[in-house]
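Scroll down for the structure; my scribbles are underneath it.
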Amino acid sequence: MISVTEWRERLESERCSDMLSELLERIGESKLNAYVTLSEDAIKTAELYDREELKGKLAGIPVAVKDCITTRDLKTTCSSRILHNYIPPFDAHVVERLREEGAIIIGKTNMDEFAMGTTTETSYFGVVRNPHDLERVAGGSSGGSGAVIAGDEAVLSLGSDTGGSIRCPASFCGVVGLKGTYGLVSRYGLIPYANSLEQIGPMASNVHDLILLFEVVAGKDERDSTNAGRGFRFEKKEKRLRVGIIKEMTAKDDVMTKFNESVELIESLGHSAGEVSMKSFKYALAAYYVIAMSEASSNLARYDGVRYGHALDQLDSWTRYFSRVRAEGFGDEVKRRIMLGSYALSAGYFGKYYLKALKVRTLVKNDFQRAFKDYDVLISPTMPSTAFRIGELADPLTMYKMDVNTVPINLAGIPALSLPIGFANSLPVGLQVMGDYFSENLILNFALEIEENLDRGEAFKQI
Ligand code: GLN
């Protein structure tokens, strides 16, 4: 993996445009399928750096952007056929911030179609392969954004997380990923899947780099009505924490072995650990899928082939036109969710499903609030297993169940990150660290301390 520090050190003696050409060459030969589109302006931006005309916190650093985040004049497809030729006329807020800070936007990363999935297998452009094992998935839905970091195809990347889509690929690819408190990063320009749950967030090879990117993208933006109106500045703090291990968030034995090792490390650093039970989590996964699909069904109504993307030449009736555009433009998983979401919201069923799910959402929030009275941070394995084989999760329900440890965080809107803690059977394992609203500074300090103290030789010995 390439850290910001390493990239900057090379920049002292090499030309940025040469380094970028080398990176693009590597991407050209790559088997990962992590990018949907590469930016033709990247080299030009690198040349600006060489002429000392590019300034900012990310000057000359190659950053990859998930393909559901709009980029002006650069194709943004959501990995869907229905948007396969969509070129946005505007930048997302986070992309504006990247440009302001001198980043080189190298390209757009592959993802599950409209971010619906856990493996990037629902992408119209094909699956993303895991750099640690090409026969395995990189996770999802931000599979491309995870793989580019682990596969040396970018230094930093942005993903989005509705129910785990940053943390899952971070865990499967052995990189760091953070979903911040709901509202801290503007969603302006994030093509919506489920607005009330999702956030854009950073992915990187180490916690320092993650912090750097998070400081750039978090901040005030009036164009997103749910924006918290504040930014983020990291401050180094030494504090012994009360760490709660969530009983209901478990994993397969090989992952648990690594998880338990990291608990030992945490205790050896002087933090105290205890177990906490969250009763509402039994219903969290079901509630998440009802809410996410309901919001998706409403959000995706806009794709009618008139304003964006996939269109047809013939028009005999509007109804037939819309249904054909949508039948051809959306993949199976997206259609399944639109139908289930419409059903959950329909008269007669609304109270039975959607309202019930909202009530569970409140219970999940309450459980977290109760836990944060006794503990400063909460931890769990990020995913119940290591990366799956491509095609292994054949039916949708099995796939949905893999999100059991990540979705409660989005229901509550609290921040959580995934930190690599070693390998099980040669595949990366992630530790999920959760904190109360706006406690990013606390969880990032904690993650930094764990990262610094992980015995690389021991924890990562199975590479
Ligand atoms: N796997 C979850 C879903 O399909 C989460 C996806 C995401 O966070 N975008 O809804």
Side-chain angles (χ1 to χ4, degrees), residues 65-69 77-80 109-123 127-128 137-146 157-173 177-180 182 185 187 190-203 284-300 330-341 344 357 361 382-385 387-388 392-393 395-418 430 432:
V65 177
K66 188 177 180 182
D67 213 18
C68 55
I69 300 172
T77 70
C78 274
S79 286
S80 178
T109 57
N110 201 353
M111 54 186 276
D112 277 296
E113 185 178 2
F114 283 102
M116 298 176 188
T118 310
T119 57
T120 314
E121 287 166 299
T122 72
S123 167
V127 68
V128 174
V137 301
S141 66
S142 315
S145 293
S157 67
L158 287 179
S160 70
D161 190 311
T162 313
S165 280
I166 291 176
R167 289 160 285 151
C168 162
S171 175
F172 283 5
C173 293
L178 167 70
K179 181 204 85 76
Y182 186 81
V185 178
R187 285 184 297 110
L190 170 65
I191 299 179
Y193 155 24
N195 319 48
S196 79
L197 299 160
E198 62 208 4
Q199 282 287 289
I200 297 171
M203 300 178 81
L285 190 70
Y288 165 82
Y289 271 99
V290 169
I291 294 171
M293 289 182 188
S294 300
E295 292 187 25
S297 72
S298 144
N299 273 321
L300 271 58
F330 290 134
D332 288 349
E333 185 58 33
V334 172
K335 284 181 194 151
R336 177 178 299 118
R337 295 190 188 202
I338 292 173
M339 285 189 264
L340 287 171
R361 189 172 190 170
T382 307
M383 294 298 291
S385 96
F388 317 110
E392 187 178 332
L393 301 184
D395 74 294
L397 200 56
T398 314
M399 172 105 62
Y400 302 164
K401 284 184 181 161
M402 297 305 151
D403 301 332
V404 62
N405 292 357
T406 50
V407 298
I409 285 86
N410 303 70
L411 286 172
I414 59 169
L417 59 79
S418 181
Q432 177 166 249

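Atoms within a ligand are numbered from 1 in the order they appear, just like the ligands themselves. All residue numbers refer to positions in the sequence shown, counting from 1.
Of the candidates Ser79, Ser142, Ser145, Ser142 is the only one forming a side-chain hydrogen bond (donor to acceptor under 3.5 Å, both in side chains) with Lys66.
If you take CG on Asp67 and OG1 on Thr109, they are separated by 7.0 Å, rounding to the nearest 0.5 Å.
Among pairs with a residue in residues 332-341, those fulfilling salt bridge (charged side-chain N to carboxylate O under 4.0 Å, His left out) read Glu333-Arg336, Glu333-Arg337, at least two apart in sequence or across chains.
Side-chain N or O atoms of Ser171 include none that pairs as donor or acceptor with a backbone N or O of Arg167 at under 3.5 Å.
With no hydrogens or angles considered, no side-chain donor-acceptor pair links Thr122 and Glu113 at under 3.5 Å.
Between Phe388 and Phe172, the ring planes lie perpendicular to each other; the angle is over 60°, past the 30° to 60° tilted range.
Residues lining ligand 1 at a heavy-atom distance below 4.0 Å are given as Ala115, Met116, Gly117, Thr118, Ser141, Asp161, Thr162, Gly163, Gly164, Ser165, Tyr193, Tyr288, Tyr289, Arg337, Asp403, ordered by chain and residue number.
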